[in-house]
A.B. asks: 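The structure that follows is given in the form of structure tokens.
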Amino acid sequence: MKRRKITGLIACIVLIVCLTGCAELDSALNDLQGDLTGNTYTINTYDNYGNKIMTTQGEKINVEGNRVKTTSYDSDGSVITGYELSSVITINIDGKEIQSCGDTCIFEQNGLNAEVNFTQEDIQSQSSGAITDNTIIAGIVNKYKNSFGKSRVVVIKSQLGQPITAYSGDKVYWKIPQDLPKMTKLMIDGKALYIHRANFQIIDKELLK
């Protein structure tokens, strides 16, 4: 029994060591802290044309979706009750609330800085002929790399396509939260970035060289 406990402990340590530096794990820990105590963010709000209309800062912030009750009918005419996410998000900020719907919001965690100079980049890529360039293999490899974070540039635009800002990092991970409407979460070198209702591109840095 004692040997099993030691073996289990060693397995846990090895797992933690293997996941250290994993961007997906960083994101999960960031979510946990946000749910328990909140994270420090600057929230920039923009109109459809990319003009900043409000800046909000707070020390203990998290974002929640709002579920609404829905009803439908089956083939027998019986009522089916369900739930879906509304378009409204609730921002808990230092014990107070903001409800937001429709605006473009960028949640920038403390310590994360946008690129000062935003310039247009054109991409002209060419295959090296390697087997890893094949799309079926590249898709699998890139999903695996995303979990650990890749060197990427994030370009954010307004809902009408006007450039707003850009971020870059050596370890960039992204996901679509299931409990937040029209929102994408990124981890950029250990810091969280939420994009709500905006156009964006996440580009491998190698494509911009």
Side-chain angles (χ1 to χ4, degrees), residues 19-46 48 54-70 82-114 139-140 142-159 164-204:
L19 291 177
T20 299
C22 175
E24 190 170 3
L25 177 61
D26 291 343
S27 179
L29 294 175
N30 177 268
D31 288 342
L32 180 61
Q33 180 174 325
D35 291 338
L36 293 177
T37 61
N39 291 310
T40 302
Y41 288 98
T42 296
I43 308 168
N44 291 312
T45 304
Y46 301 85
N48 287 346
M54 185 170 65
T55 297
T56 306
Q57 293 180 315
E59 293 183 359
K60 295 184 177 182
I61 293 177
N62 82 329
V63 192
E64 296 178 349
N66 292 276
R67 298 186 180 276
V68 293
K69 188 175 182 179
T70 61
Y83 293 87
E84 63 182 27
L85 283 173
S86 77
S87 298
V88 179
I89 58 171
T90 296
I91 304 168
N92 296 301
I93 174 169
D94 297 328
K96 310 298 188 300
E97 281 187 340
I98 297 175
Q99 271 75 39
S100 180
C101 179
D103 285 328
T104 293
C105 297
I106 300 175
F107 296 72
E108 180 184 282
Q109 189 172 5
N110 189 38
L112 182 62
N113 297 312
I140 296 171
N142 283 318
K143 285 182 180 178
Y144 175 80
K145 286 183 176 179
N146 181 60
S147 295
F148 287 85
K150 293 200 296 177
S151 181
R152 289 162 159 169
V153 174
V154 183
V155 181
I156 304 176
K157 296 169 281 188
S158 73
Q159 295 182 55
I164 293 176
T165 189
Y167 298 82
S168 66
D170 295 323
K171 192 173 69 172
V172 180
Y173 161 81
W174 72 276
K175 72 171 185 177
I176 300 174
Q178 296 182 348
D179 56 348
L180 295 172
K182 300 184 183 301
M183 186 168 284
T184 303
K185 180 185 182 183
L186 298 97
M187 294 297 295
I188 302 177
D189 296 336
K191 302 295 182 182
L193 178 74
Y194 285 91
I195 305 173
H196 179 63
R197 286 184 175 271
N199 296 329
F200 64 87
Q201 290 179 305
I202 306 171
I203 306 168
D204 284 359

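Quick caveat: nothing in here was measured; it's all calculated off a predicted structure.
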A.B. asks: Any donor and acceptor pair, going by atom type alone, linking the side chain of S168 with main-chain N or O of V153 inside 3.5 Å?
C.D. replies: no

A.B. asks: Sub-3.5 Å donor-acceptor pair from the side chain of D94 to the main-chain atoms of K60, do we have one?
C.D. replies: yes

A.B. asks: So do the side chains of Y173 and D26 get within less than 4.5 Å of each other, counting heavy atoms only?
C.D. replies: no

A.B. asks: With a 3.5 Å distance limit and no angle check, can you tell me whether D170 reaches the backbone of D189 through a side-chain donor-acceptor pair?
C.D. replies: no

A.B. asks: Could you tell me whether the side chain of D204 reaches within less than 4.5 Å of the side chain of R152, counting heavy atoms only?
C.D. replies: yes

A.B. asks: Taking side-chain hydrogen bond (donor to acceptor under 3.5 Å, both in side chains) as the criterion, tell me which of Y41, Y167, Y194 meets it with E108.
C.D. replies: Y167

A.B. asks: Could you tell me whether the side chain of V172 reaches within less than 4.5 Å of the side chain of M187, counting heavy atoms only?
C.D. replies: no

A.B. asks: Could you give me the CA-CA distance, side-chain angles and deciding distance for L193 and I156, then say whether side-chain contact (heavy atoms from CB on, under 4.5 Å) is met?
C.D. replies: CA-CA 11 Å; L193 178 74; I156 304 176; 4.3 Å; yes

A.B. asks: Let's go through K185 and N30 carefully: what are the C-alpha distance in whole Å and the side-chain angles of both, what is the deciding distance for side-chain contact (heavy atoms from CB on, under 4.5 Å) to 0.1 Å, and is it a yes or a no?
C.D. replies: CA-CA 11 Å; K185 180 185 182 183; N30 177 268; 3.0 Å; yes

A.B. asks: Please say whether more than 12 non-hydrogen atoms of neighbouring residues, nucleotides or ligands are located less than 6.0 Å from NZ in K145.
C.D. replies: no

A.B. asks: Would you confirm whether N44, through its side chain, and I106, through its main-chain N or O, come within 3.5 Å as a donor-acceptor pair?
C.D. replies: no

A.B. asks: Under 3.5 Å, is there a donor-acceptor pair between the side chain of T70 and the main chain of G82?
C.D. replies: yes

A.B. asks: Judged by modelled atom types alone, do N48 and S158 share a side-chain donor-acceptor pair under 3.5 Å?
C.D. replies: no

A.B. asks: I'd like to check K150 versus N142 (side-chain heavy atoms, cut-off strictly below 4.5 Å). Are they in contact?
C.D. replies: yes

A.B. asks: Would the distance check show the side chain of Q159 and the main-chain N or O of G102 forming a donor-acceptor pair, the cut-off being under 3.5 Å?
C.D. replies: yes

A.B. asks: Say whether N66 and Q99, considering side chains only, have a donor N or O and an acceptor N or O under 3.5 Å apart.
C.D. replies: no

A.B. asks: Please check this pair: side chain of S27 against backbone of A23, looking for a donor-acceptor N/O pair closer than 3.5 Å.
C.D. replies: no

